[in-house]
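Everything on this sheet refers to the single structure shown next.
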Amino acid sequence: MDNKTLQKLINWTREGKTYRCYQLNQWRGKNGIRNQALARDRYECQDCAKLGKYSKAVEVHHIKELKTHPHLFLNLDNVVCLCKECHNKRHDRDQRGGSKKIKKFENIERW
Ligand SMILES: [Zn+2]
Ligand SMILES: [Zn+2]
């Protein structure tokens, strides 16, 4: 992606406006990464596929998330198509790891 786009992504993330990143034409446009990923994965949930199940993919997940890897936001190798359930599972796992860190940080601040 070009530097201008990357700068926008970084700024939006910093300002807590990540939703704007997902409004980019390069992401959600007709030929955007989202549709390219769905076509590549044949609209099939990749986590279910690993378990030999078939579920229709409805969401496109970033393996390395936007906040830490904004330069990979529009990288087809960094996205995977998932069903809603698998997508939630992936985020649950990430969030559990993350919230622990936040709690620790709060404690340091408070005490
Ligand atoms: Zn699934
Ligand atoms: Zn996700």
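Counting from 1, the numbers follow the sequence of the chain as shown. Atoms within each ligand, like the ligands themselves, are counted from 1 in listed order. All values below come from the heavy atoms of this structure, side chains included, with hydrogens, waters and symmetry mates left out.
Trp27 places a side-chain heavy atom less than 4.5 Å from the side chain of Leu74. Proximity of Val79 to Ile33: side-chain heavy atoms (C-beta onward) are separated by under 4.5 Å at one or more points.
Within 6.0 Å of CZ in Arg40 there are more than 12 heavy atoms belonging to other residues, nucleotides or ligands.
Of all the heavy atoms in Thr5 and Leu24, the pair that sits closest is CG2-CD1, 3.9 Å.
A donor-acceptor contact under 3.5 angstrom links the side chains of His91 and His61, judged on distance only.
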So Tyr43 and Tyr54, ring-ring contact (aromatic ring centres under 6.0 Å, His included) or not? Walk me through it.
-> CA-CA 10 Å; Tyr43 291 83; Tyr54 172 82; over 10 Å; no
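Geometry note: the Zn ion (ligand 1) is the vertex, Cys83 SG and Cys45 SG are the arms, and the angle is 110° (rounded to 10 degrees).
Residue-and-atom listing of protein N/O/S atoms under 2.8 Å from the Zn ion (ligand 2), sorted by chain and number: His61 ND1, His87 NE2, His91 NE2.
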